[in-house]
There are 2 protein chains.
Amino acid sequence: MSIEHRAWEVVLQSIELDLLSGRLRPGDHLPPERALAAELGVGRSSVREAIRVLEVLGLLRTSAGSGPTSGAIIVALPGGGMSALMRLQVAAQGFPVADVVKTRLVLEASVVTELAEASARAAATMDANAALHPDLSTPALLLGAMDSPALSEAEFLALDAEFHLALATASGNQVVTATMAGLRSAIEGYVRAGATGLASWPDTSTRLRAEHRAIIHAIEAGDPPAARRLVQSHIAGYYAETHLANHLPDNYADDHTDATGHPVGR
Amino acid sequence: MSIEHRAWEVVLQSIELDLLSGRLRPGDHLPPERALAAELGVGRSSVREAIRVLEVLGLLRTSAGSGPTSGAIIVALPGGGMSALMRLQVAAQGFPVADVVKTRLVLEASVVTELAEASARAAATMDANAALHPDLSTPALLLGAMDSPALSEAEFLALDAEFHLALATASGNQVVTATMAGLRSAIEGYVRAGATGLASWPDTSTRLRAEHRAIIHAIEAGDPPAARRLVQSHIAGYYAETHLANHLPDNYADDHTDATGHPVGR
DNA sequence: CTGTAGCATGTGGTCAGACCACACCATCGT
DNA sequence: ACGATGGTGTGGTCTGACCACATGCTACAG
């Protein structure tokens, strides 16, 4: 029946079917490797290869020892897998850096637009219930943390990454959040390398902080076009300044993603 | 030095560094597993686990036997890895189907907008050189193939997937193309299941074909807003019809960017 | 000299078995 | 009652062996 001929693919398919059928759910333990090998009629090494793949893809976590926290446990943390995939694809030249930056621009514009629209909607219904407002507490916290003058470039950029990721998280879209995390980590090396070549890091970091605040403000004000425009110039501006995106088209930072539109509202 | 303690992570990191430094490039052969194991001072099984991960992520292809086509060869085909990751994340409930659909909507809207803008730009410069126009020959071919009345539902949907993927390919963004491929394959099962519950498949497929042609027409006409609107209603409409996105918001396909009054497009 | 059959070689794919490190847990001794 | 200690089961790793397969060389027949 199976198209799969390699033993480890049989194991992978078996686990995927168990996930789809609900026999395995997040939090569950996989059977011990030896038991799984015996059950499927393959060697333990084949089981291990399949488990290794699932671990890298962020589907499970393994730990040795005994007790309830040991063994292979189903988790669904796509961020790590997405990061590994995109980082390696960039390293192997399958993903041009320019495409990574462009995609990030599209997704982040969509994120802040959605957040601003949610804000506007919450305000329009004169809702006293804070639950309808997007939760911007984490981004706000990071905003404050980035104001510390003692931060090194690397520390600031780490907080910056967290800030943008927190926005994606606030939008509530898991796929977008994981993808953004992957995109960011894929070009992390380039971002950091670019920062060292800046004319004045204090000037740049000051500008970045101001832009962050402006983006948050536009979201809270319920102004989607402004939020979108600000986030686009924020990202494109940094990459332009660091010469990261040298061969990007001239109209790269134009506000044509206005036109990308996206599924909004709920 | 290495933070990595597991042997297979050492191997993975070593290969990643070779990629980043340019010692390994697409098309190159990895050393034989046994040689790599000896070189890195680990067991062959650890090397194999790392290679397995890279294979699933789409970074290399392995084949047994002898000769120049055998062994592990660096390729950078992100589609497969992205598909595996997203398919499994959906299976493990890390990616809600609704988020997958939303993300697809965002990306595909961006793709057709970009294509339409490129068309408009090419036309505006009265350029006789066809190179500046986006290459829509593949989507056009698929459009014709989908007209065949003998197609089964599954065959039609396969061509439909190819059509949307061809649009992404035409946009030239590798990251978006790979991501769209992954998103599509993640919900392929749901799409096919939904099709069987339709009131009238002939009616639906006729409508889908017409919508495809309208999208292509809007792109060729250089009308980004129209292309965006059409692709959004196309995708959202199908999911709504198949009850795939039951808990998506009612105004899911609304185009709020127009409602803001902000001038869109260029 | 030519062509072909067949063997040598090197590759990934798989398995079995062994050992280690580790974390829990039951038992035992105080 | 409590703490030390060894048992037990887990993943992590290595070794060595064998298989299947594709290539390419070699020896033999024509």
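Letters go in sequence order (proteins before strands), and every chain restarts at 1.
In this structure, the CG atom of B:Leu40 is 19 Å from the P atom of D:dG12, given to the nearest Å.
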*Where along nucleotides 4-15 of chain C does protein come under 4.0 Å, by heavy atom, of base (B) or sugar-phosphate alone (S), with - for untouched nucleotides?*
------BBBBBB
Side-chain donor/acceptor pairs under 3.5 Å, residues 84-93 of chain B, sequence neighbours excluded:
unit_1, atom_1, unit_2, atom_2, d
B:Arg87, NH1, A:Glu16, OE1, 2.8
B:Arg87, NH1, A:Glu16, OE2, 2.6
B:Gln89, NE2, A:Leu57, O, 3.1

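Using a cutoff of 4.0 Å between basic side-chain nitrogens and carboxylate oxygens, A:Arg61 and A:Glu55 are not scored as salt-bridged. Ion pairing of A:Arg104 with A:Asp99 is absent here, as no side-chain N (NZ or NE/NH1/NH2) approaches a carboxylate O to less than 4.0 Å.
With hydrogens and angles left out, the side-chain atoms of A:Ser137 and A:Asp135 include a donor and acceptor closer than 3.5 Å.
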*Report the C-alpha separation of B:Thr196 and B:Trp201 in whole Å, then their side-chain angles, then the decisive distance to 0.1 Å, and conclude whether the side-chain contact (heavy atoms from CB on, under 4.5 Å) test is met.*
CA-CA 8 Å; B:Thr196 67; B:Trp201 171 250; over 6 Å; no
